[in-house]
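Note that the structure is predicted; figures quoted are calculated from it, not measured. Position 1 is the first residue of the sequence; numbering continues from there.
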Amino acid sequence: MAVIVTTQNFDQEVKQSTLPVVIDVYATWCGPCKMMAPLFEDLSKELASKYKFAKFNIDDERELAIQYNVSSIPTFLFVKNGNVVAKETGYMNKEALKAKIENHLG
C-alpha cells in the first residue's frame with residue numbers, strides 16, 4: 001500500500017528510504033489519476049519487496065509539486081538514493097508503469 005507523503009514527512013519517507021521510491025502525484029478531480037489509482041495500488045502490493053510506493057495530492061502539497069517541477073498530472077517520480085532519477089507523466093497501463101519502474105529504478 002502506498003504511503004501518503006507531505007512536506008512534513010517527505011524527507012523521512014522518501015529521501016531516507018532504503019528502497020527506491022515511486023511517487024504518484026495526483027488530484028481528486030483528475031480523470032486519468034483516478035484510472036491510475038487502482039493500478040498503482042496493485043503494483044504497490046506486487047512490488048512491495050523491491051520498491052516503496054508513495055503518493056501526494058498536488059492540491060494539498062503545492063510546495064512539493066513546485067519543488068519537483070510537476071506541471072501536469074498524473075506524474076510519477078522515480079527516486080533512488082534520495083534523488084529523483086526520472087519523471088513520467090500521463091496515463092499508462094499497469095504493464096507500462098511496471099516496465100518504467102523496473103527501467104528507472106531496477
Side-chain angles (χ1 to χ4, degrees):
M1 183 166 166
V3 64
I4 303 294
V5 291
T6 65
T7 50
Q8 289 77 28
N9 71 358
F10 193 83
D11 283 357
Q12 178 187 340
E13 294 290 348
V14 177
K15 290 189 174 184
Q16 297 169 13
S17 175
T18 54
L19 291 173
V21 185
V22 185
I23 304 171
D24 175 14
V25 185
Y26 71 98
T28 54
W29 47 263
C30 165
C33 300
K34 290 178 186 176
M35 292 165 51
M36 289 296 306
L39 309 180
F40 191 76
E41 276 303 311
D42 285 352
L43 287 172
S44 75
K45 293 172 186 151
E46 190 178 317
L47 302 173
S49 63
K50 293 171 69 176
Y51 308 106
K52 184 173 193 173
F53 287 76
K55 59 185 179 180
F56 69 85
N57 183 321
I58 196 168
D59 292 327
D60 297 337
E61 300 298 333
R62 283 227 174 276
E63 284 181 36
L64 287 175
I66 291 166
Q67 185 177 346
Y68 291 98
N69 298 315
V70 176
S71 56
S72 60
I73 48 174
T75 288
F76 299 92
L77 302 172
F78 301 89
V79 183
K80 202 170 192 176
N81 300 320
N83 298 308
V84 174
V85 295
K87 180 166 66 170
E88 300 283 347
T89 302
Y91 176 83
M92 59 193 94
N93 65 34
K94 183 178 171 182
E95 291 73 30
L97 180 56
K98 184 176 181 179
K100 289 183 186 300
I101 293 168
E102 297 284 356
N103 183 44
H104 295 312
L105 300 176

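- Note on Tyr51: it clusters hydrophobically with Phe40, by side-chain heavy-atom contacts below 4.5 Å among ILVMFWY residues.
- Between atom NZ of residue Lys55 and atom CD1 of residue Ile4 there is a gap of 5.0 Å, rounded to the nearest 0.5 Å.
- Between Tyr68 and Val25, every side-chain heavy-atom pair lies at or beyond the 4.5 Å cut-off.
- For Glu41 and Lys94, the salt-bridge test fails: no basic side-chain N is under 4.0 Å from an acidic carboxylate O.
- Between the side chain of Asp60 and the backbone N or O of Asn57, no donor-acceptor pair lies under 3.5 Å.
- The environment of Glu63 atom CD is sparse: at most 12 non-hydrogen atoms of other residues, nucleotides or ligands sit within 6.0 angstrom.
- Following chains of ILVMFWY side-chain contacts shorter than 4.5 Å, one cannot reach Leu39 starting from Tyr26, and the two form parts of different hydrophobic clusters.
- Residues Met36 and Met92 meet the side-chain proximity criterion, which asks for heavy atoms closer than 4.5 Å.
- Note that the OG atom of Ser71 and the CD1 atom of Ile58 stand 8.0 Å from one another [nearest 0.5 Å].
- No side-chain donor-acceptor contact under 3.5 Å links Asn9 to the backbone of Gln12.
- Side-chain contact between Ile23 and Val79 is present, with heavy atoms from C-beta onward closer than 4.5 Å.
- A distance of 14.0 Å separates NZ in Lys98 from CG in Asn103, rounded to the nearest 0.5 Å.
- Using a 4.5 Å cut-off between side-chain heavy atoms of Ile, Leu, Val, Met, Phe, Trp and Tyr, with links allowed through other members, Val21 and Leu43 fall into different hydrophobic clusters.
- Looking only at side-chain heavy atoms (C-beta outward), Lys87 and Asn69 come within less than 4.5 Å of each other.
- The shortest non-hydrogen separation linking Leu47 to Glu102 is CD2-OE2, 4.0 Å.
- A distance of 9.0 Å separates CG of Leu97 from CD of Glu88, quoted to the nearest 0.5 Å.
- Lys52 is not listed as a side-chain neighbour of Val22, based on a closest heavy-atom distance of 4.5 Å or more.
- In plain terms, the two heavy atoms of Ala48 and Ser44 that are nearest each other are CB-O, 3.2 Å.
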Quick one: do Phe78 and Val84 satisfy side-chain contact (heavy atoms from CB on, under 4.5 Å)? Show the steps, please.
-> CA-CA 6 Å; Phe78 301 89; Val84 174; 5.9 Å; no
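- Counting heavy atoms from C-beta outward, Phe53 and Val3 have side chains that stay 4.5 Å or more apart.
- Leu19 places none of its side-chain heavy atoms less than 4.5 Å from the side chain of Lys50.
- At distances below 3.5 Å, not a single donor-acceptor pair connects side-chain atoms of Glu13 with backbone N or O atoms of Ala54.
- Rounded to the nearest 0.5 angstrom, Asp59 CG and Ile73 CD1 are separated by 7.0 Å.
- Ring geometry, Phe10 versus Phe56: the interplanar angle exceeds 60°, so the pair is classed perpendicular (tilted spans 30 to 60°).
- Note that SG of Cys33 is 6.5 Å distant from CG of Asp24, once rounded to the nearest 0.5 Å.
- Connection of Phe76 to Met1 is not established within any shared hydrophobic cluster, with ILVMFWY side chains joined at heavy-atom distances below 4.5 Å, either directly or through further cluster members.
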